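To keep things clear, I will list the structure first and then write my remarks on it.
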Amino acid sequence: MPLPNRQSGLYDPSFEHDACGVAFVARLNGDASHETVERALTALANLEHRGAAGADKNTGDGAGILLQIPDEFFRAQIAGLPPAGAYGVGTCFGGHEETIEAAVAAEGQELVCWRDVPVDETHVGRTARAAMPQIRQFVVAARGLEGDAFERKLYVIRRVAELAAGPALVIPSLSSRTLVYKGMLTAPQLARFYPDLLDHRFESALALVHSRFSTNTFPSWELAHPYRMVAHNGEINTLRGNVNWMRARESQLASELFGDDLAKVLPVIREGGSDTATFDNVLELLVLAGRSLPHAVMMMIPEANPSEELKGFYAYHGCLMEAWDGPAAIAFTDGRVIGATLDRNGLRPGRWYQTSDGWVVLASETGVLDDAPESIVRKGRLQPGKLFLVDLEQHRIVPDQEVKAAIATRRPYAKWFQQEALNLSDLPAATMPQRDEEPLLRRQLLFGYAQEDMKVMLAPLARNAEEAVGSMGNDTPLAVLSERKPLLYSYFKQLFAQVTNPPIDSIREAIVMSVSASVGSERNLLAETPEHARQLVMENPILRDEELERLRQVDSDVFASHTIDTTWDVAEGTDGFEPALDRICTEASAALARGANILILSDRAAGRERVPIPSLLAIGAVHHHLVREGTRLQTGIVVESGEPRSVHSIAVLIGYGAAAVNPYVMLETLEELVDLGWLPVGMTVEEAQSRAVKGIGKGLLKVISKMGISTIPSYCGAQIFEAVGLAPELIERCFTGTPSRIGGIGLREIAEGSVARHARAYPGNGGLLPVLGLYAWRRDGEHHQWNPDTISLLQHAVRSGSFETFEQYSDTANAESARRSSLRGLLKFRFPEDGIPLEEVEPVAEIVKRFSTGAMSLGSISREAHETLAKAMNQIGGRSNTGEGGEDSARFEDNRRSKIKQVASGRFGVNANYLANADELQIKMAQGAKPGEGGQLPGHKVDHYIASVRMTTPGVGLISPPPHHDIYSIEDLKQLIYDLRCANPDARISVKLVAEVGVGTVAAGVAKAGADHVLISGHDGGTGASPVSSILHAGVPWEIGLAETQQTLVRNDLRSRIWVQTDGQLKTGRDVVVAALLGADEMGFATAPLIASGCVMMRACHLNTCPVGIATQDPDLRKKFAGEPEHVVNFFFFVAEEVRRLMAKLGVARFDDLVGRVDLLDADEALTAWQARGIDLSNILRAPEGSPLRRTHAQEPALTDALDWKLLEIEEGDFAIRNVNRTVGGILSHHVTKAHGAPGLPPASIRLTFHGSAGQSFGAWLAPGIELTLVGDANDYVGKGLSGGVLALRPPEGSPFRAEENVIAGNTILYGATSGRAFFRGLVGERFAVRNSGAIAVAEGVGDHGCEYMTGGVVVVLGPTGRNFAAGMSGGIAYVLDEDGRFAERCNTQLVALDELESDDLRLVQSLLEEHLARTGSAVAERVLGDWPGPFVKVMPHEYRRAIEDGAISTGGDGFYTRETEEAAA
Amino acid sequence: MGELGAFKTIARANTPERPAAERVGDHREFVRTLPLVELREQGARCMECGVPFCHNGCPLGNLIPDWNDLVYRDRFREALDQLHRTNNFPEFTGRLCPAPCEAACVLEIDEGNAVTIKQIELAIVDRGWEEGWIPAQPPRMRTGRSVAVVGSGPAGLACAQQLARAGHDVTVFERDEAAGGLLRFGVPDFKIEKHVVERRVQQLAAEGVRFECGVEIKSQEQLDAFDAAVLATGARVPRDLPVPGRELGGVHFAMEYLYERNRAVAGSAEPTISAAGRHVVVIGGGDTGADCVASAHREGAASVTQIELVGEPPPSRQDDLTPWPLWPMKLRTSYALKEGGDRSFAISTTGLSGNGRVQEIHWVRNTGEPPFDPVPTSDESHPAQLVLLAMGFVGPETALLETLDVTLDKSSYATSVPGIFAAGDARRGQSLIVWAIEEGRRCATAVDAWLTAPA
Ligand SMILES: Cc1cc2nc3c(=O)[nH]c(=O)nc-3n(C[C@H](O)[C@H](O)[C@H](O)COP(=O)(O)OP(=O)(O)OC[C@H]3O[C@@H](n4cnc5c(N)ncnc54)[C@H](O)[C@@H]3O)c2cc1C
Ligand SMILES: Cc1cc2nc3c(=O)[nH]c(=O)nc-3n(C[C@H](O)[C@H](O)[C@H](O)COP(=O)(O)O)c2cc1C
Ligand code: SF4
Ligand code: SF4
Ligand code: F3S
């Protein structure tokens, strides 16, 4: 019986993630055969590397198969089986026969028999076996029902049984059409475990298989895929909201088809299911209630920017249900059609082909089956938002447009939408009410405004129509520890995507994003009528006053607004607070009963007599009250409040259910700013407001895109936050389901805060807003850990070498700072009675080896500062980190070498040589100050040196994308780890994560993906530049994240194979010891060593004006750098000395023995102030069950069966290749680089040819002098980080198809390539040449986002491109053969111009086509050359042109542009 | 945020002064203000630091970055509001403060480059007075509680103003004939013209503060009518010089001389001490000494010599001893010496001689460091017809404290007697105006809390 997942300490199974490999095989003619099953199982086995195993390597995360019911098979075994279709087969985990039988009987059907499913558990892993349920099947004969009606009945039976039995009963499938076999198995184990699958009578015309890779840390057989209708690769980011909304919808569900049965199946969503399971639950309901499977899929995963014909369909269905958003390749089937679709941004791979004998195969990778090249008639890939559908009844692949057009015209959806939906701007202008209001200042005080809000947030927002940017970390207290009674918003921390799903670039990939929102009531999801479209649509969720009035005054038979006052009488004091909250909820219910469908929660009445309830509390309370009451969908809720004024505040309101927000005091404050001259001369109030609204809109998109969400409606109510410092009862009532792990304040304290603000506003003799001091230190403002005292004491200590002064520093830092701001300040050590003598403790020189300096890129800090840190760390045997900007290769050989080389999403300066010269390769998934976000280095900061180190062009701005484009999920990370291992088998591989709820499970995934080291960064760490709201409001303290990680890793015995590091505001020996006790082996410091080298927390790092020469590239300012390695060395020695002294007192001689000893920590009861605030640290201090507590052994070797070993000694040769051969050329390149350095070998020294389908990352980091030719096709990531080698891909000779119409290679090709050449004869996927900075490539057609973020190199496209070509492309040139003349529509011209080719260009393109022809035999090249020149368009980035004009780049004699950098000279 | 990177392109402009030759001829202020454009440029140099060390260096916690920026953006009115938030009398500090803020300014890491904070401060407040932006701010409500403030120096004034604005009835007792304390009678007019002080006093009066000048508090009874009292009586007991000849005529404490000079310039009393035509020796190298030197210049002394016990400090900040942002021990040449006169360091006075009146001073050079051992055979004698002792102050006068039976507390504004508080030099010892104001403000907060605390 599967153990129910159990929450313990900080570990919570609801944060498990999975990702995987998926495939299906179908026979177009619809003939069932056992071959289908065999093929599917082979495909599955070949996807094994996408799955994962846990600590026990024979226990897989899950594998399974879904197929048609093999009638013959059952018939042979079961006497008296009704005819095919008239019986259903259920597979059932976990007994409960009686419950099932009762359900069958109650529903009037007949249970034919039970069957024990034969299983062979010999190969199954220990953990899986322990959790293995009893697996039985039952057969139900139809009584009086057939077809869909019988399917519906079987569904009802299943739900009834499931609900009766509770979580212990799992029914993977019960259908008259399909059957699921799955389990906690590895891919190859599946067929061995279920001998049924090998039976030749086990026949099907289609089969869907799945291999799971889960961060899963708890055994579960249920969570293996496929589910009843789908198998999924990806992650639903909006799940929490979707689930809440579904729950809210249930009360309205009605279906003629189900009739009274519907009530029996509720709730629709099975508790404790994964995102996919939940998706499956809803999809199943939609289909059984009458929609076709593709129709239901289109509703749940709508396309972004659909064609005109489909717009109406999607708009209409948007009124019925929000999107289920996230990276998704979903394969689905109902036993009659089988298909797959991809999320709107194309974030998962999917490749298909059709053979001449009628097989269609789709899989996460190409090459999973060995069909002869001659038999393959078509190849393709899943495309963003598109459906791929195989109809076995029609015996064909139905094109996307055809399926969708048919569905979209089933009903006049477009017309319905047009007629019924109202646009806010179409409503009649409202009459503005005369308000007798308090002066603005009073109201500002009432809502907790401070001067800084104006200066730091609002003025820049209106000025730039963008959120303010800041630098360095957040060293202020957590909201719950602050003495300033911060607004409720600041208790909520934004969650973000890391590893398991990618954030989106909301600027460069704006085509998938949308801020539009709507209000109104939703209707029965299972029906479709014109009335369903009665929604009021708004372009933007931030309403100006007049827009709100329109809503309020809306006067129609469809819409009715009701305004609820969210203030209470000050005379009642804090006692009046809770009754007021109750009153608001009751009033909301009453209003709905009277037919209101727009609720406006308004604190306009706030003033001398009335105190406003925090707007977030009001919306949370009403939202959850209505959800619980089942009426939530009857209304939209709009917040009219003086309180919100920042991106974060508005994001939280929307996240907890507000459809729109009218921040009226903010809007008025903008008026004031105009009057006060805070804004540029000439800016009108109107302009200021609209710029601010626009800026917040952009900021909102950034916040939601951090989580990989792209539309406001699917963010609305999705609660993508973690609360830090709120009491459980409060969460339960108003923010149900939000994680809140250290307890905290409740309604009373919140009320006190409101009353205190009111008191400040009235009566008061003062007339100025408080200063605040949150963004910059102020004496009487918010506390900062880095303040004049700590900074100057630290500098004096390290410069004078005085340990005494250092102790003064650390006393101040520990006592004054940490205590008042951080969780570790609330902890104390449990010193044993007697410690040990100091001499017995490990020496300082040993301890410092555990220390490293944080990743800080050359570019964010100066060369001088960067090298100083490296020298210091090399001197003491610690580690310095290159950061994400590469490293000068001249440093590889001396004491300036950084041991840790970071690999971030921008891949700047990452080539084979860089990778080969590392002791540790760190994959940066996130950074505490801006998790889930990318970055930008403006062109003026990219001088010659920075450009040469980053291998880009001087003067050309650089963008780091929010995600790694080769990591959209955990199995992708596994692949990158593998790639990096190939590039440097000796380096340890580290993954940098940021603390947030669920980071422990992600860390477990990282351990399973084969990393050696994981860094858990706190939310408060430093940055060179980040939006202020991210610095303050994203992520949680490392204390929580580290403890969660340790608990999760230890209980799953994964801790033993991975080192754990932590960083974020570490300053003293005490900090280090607390971190060690909570589970860290190592510690990182960034800000502190910078301060030791002279940083004074100017926080101008993003402005290039650092006065002490640290965060600047300005040559004059760099001269002012006065830091010495000695200062940094002193710092670390001092810290280590403190550590030793604490260790002596703790009685622990070896640091190793300190790690994970939470028993030596205790909550410090002496600090009563925080206890009064309800903080409870017991979850953090929970000792995990299990051991060991630290790393004891290495990961399993990963590279042993790499193909490269065969290539090492050879100069020329032919090899067979298949998809399991990954990163071919990687190890070879490492060897070449080790031996010959960056220049590599002379051209064409090694020439190898491969036949077949190459695994992922073919030719990654390929070094100069190596040429790989692939005859066949390739998967994703071809030529990743190409470092000078040459690649050529072409289809096999005998292929019957036209190469240029078929897919030759997958997504994200040439990601971060720095030099070399690559030729693709055929179509390639999304994001071709993304972040290419120097490679030259030719392809015959590319998917969406081609040449994204490219900074150099040349790309020639001889065919169609997808949308959003050249987004974020700041350098390099692309030439596109624009035969249909419509390229301009598909190109993103934010940064580029489209030009005609000049003679130099023509020469260049011609020579490349000649080479393409020679290497691949391309028919297109031949044709174009024959009819020279052809309709080429030149895509030229503006900045790049300027750089060329400025002489930073020159054209060589051969027409190639070369950079004036060391690289080019070499 | 000033102008990005302006600190690199715009040099610091030191405070402009009237030419020495001209200013010694009168008693008007010798400091000038920068033209508006230049002043704003100076404001532009401020980088609005994430950790503004200036703001920490200023004892008042002046919101320096905020008002620097406002001046740069020509928003003097708002700058004035920000300035007044923390500083009741910016026109005093803007003229007289040694500006520890500038020593702590981040730009001062590169010595000599600090933002000209003090000038900006002065410009803001002077502009405020000029424009009539500094009206009286009488309280909206009154508490009905009363406070006596003893002493009208900057500490007493600041305390009184804060308390009055909080709605308390405040009476200031001052034994001198006019309010202002050392500002009025210690600091010479050429550093701060007295109408500047008077203007502020008038504002206080308009806010409801009652001034009782010429009234010395000597007994408990005088304070009985009040709910609380604040002792802001200064640290007026000077350090004496126990050498032979101390008793001679023409040997005075600096304060005697300066009080007379101030009264003379105000035209309120005839002076009895004169430097005119005499060889003047000022003993003590500090600011009081400098004011004596400058006053003597203006009287037309034959020569002025300032001598200092301690050795000559280094010319620039010593990063091992007083690293940034600490107040650096370094050689500073006072405005007075720029006007003329000699200065000698490491001098131990051994005696004074003369016939009833002092004629000569005798000294010996010392090692410059404690215990200041004499350098053999370095005895010298110099003519000295007026000797002014400016060697600092040892503390507050004790008579009143004894009468009231009050013990002062360095760690609190309250004293040993409930309801009696102390602030300023009286509490912390001889200090600075900026500290006096800060003490006055904080003391007012303490008094207010005490008065309004539920019984
Ligand atoms: C010559 C000189 C120049 C200076 N220059 C500067 C400078 O340029 N910058 C700077 O920052 N600082 C300067 N200082 C120091 C500064 O003046 C003092 O630190 C400051 O004035 C102290 O303020 P206070 O209110 O505490 O005391 P005071 O200013 O000393 O005021 C105390 C007041 O209390 C009155 N008083 C005392 N006892 C009684 C009583 N029993 N009844 C009634 N009234 C009483 C006194 O008459 C006096 O008016 C200077 C000091 C001197 C002596
Ligand atoms: C100026 C600066 C630049 C940074 N750049 C990077 C970076 O390029 N990559 C990265 O992963 N983290 C970066 N960080 C974050 C640090 O590596 C580290 O995680 C964090 O600063 C640790 O917190 P602390 O500064 O409080 O010690 C940067 C931090 C600073 C201060
Ligand atoms: S009062 Fe003095 S220390 Fe404060 S800002 Fe003014 S000059 Fe600087
Ligand atoms: S320290 Fe200097 S530069 Fe920084 S805020 Fe203060 S005055 Fe401006
Ligand atoms: S905060 Fe940044 S601007 Fe310089 S002084 Fe420190 S590096």
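Chain naming here is simple, since letters A, B, ... match the order of the sequence lines and numbering starts at 1 in each. Remember, it's a predicted structure, so these values are computed and weren't measured experimentally.
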*Would you mind checking if B:Asp110 and A:Lys1120 are paired as a salt bridge, meaning a charged N to carboxylate O distance below 4.0 Å?*
yes
*Heavy-atom distances under 4.5 Å only: say whether B:Val106 touches chain A with side chain, backbone, both or neither.*
side chain
*Under 4.5 Å from a heavy atom of chain B, the part of A:Leu676 involved*: both
_Segment of B:Asn56 engaging chain A (4.5 angstrom heavy-atom cut-off)_ = both
*asked:* Using a 4.5 angstrom heavy-atom cutoff, name the option from B:Arg77, B:Gln137, B:Glu78, B:Gln82 with the most pairs to chain A.
replied: B:Gln82
*Within the distance-only criterion (no hydrogens, no angle test), does the side chain of A:His1102 pair as donor or acceptor with the backbone N or O of A:Gly1024 below 3.5 angstrom?*
no
*Hey, does the side chain of A:His783 reach the backbone of A:Trp777 with a donor-acceptor pair shorter than 3.5 angstrom?*
no
_Quick one: does any side-chain atom of A:Arg779 pair with a main-chain N or O of B:Leu60 as donor and acceptor, under 3.5 Å?_
yes
_Aromatic A:Trp678 / basic B:Arg73 pairing, under 6.0 angstrom, 45° off normal_ = yes
*Of the backbone (N, CA, C, O) and the side chain (C-beta and beyond), which part of B:Asp66 lies under 4.5 Å from a heavy atom of chain A, both, or neither?*
both
*asked:* Please enumerate all residues that pass ring-ring contact (aromatic ring centres under 6.0 Å, His included) together with B:Phe92, with sequence neighbours excluded.
replied: B:Phe89
*Under 4.5 Å, counting heavy-atom pairs only, tell me which of A:Met1098, A:Gln795, A:Arg1099 racks up the most with chain B.*
A:Met1098
*Heavy-atom pairs under 4.5 Å with chain B are the metric here; pick the option from A:Asn1104, A:Asp1116, A:Val1108, A:Val771 that has the most.*
A:Val771
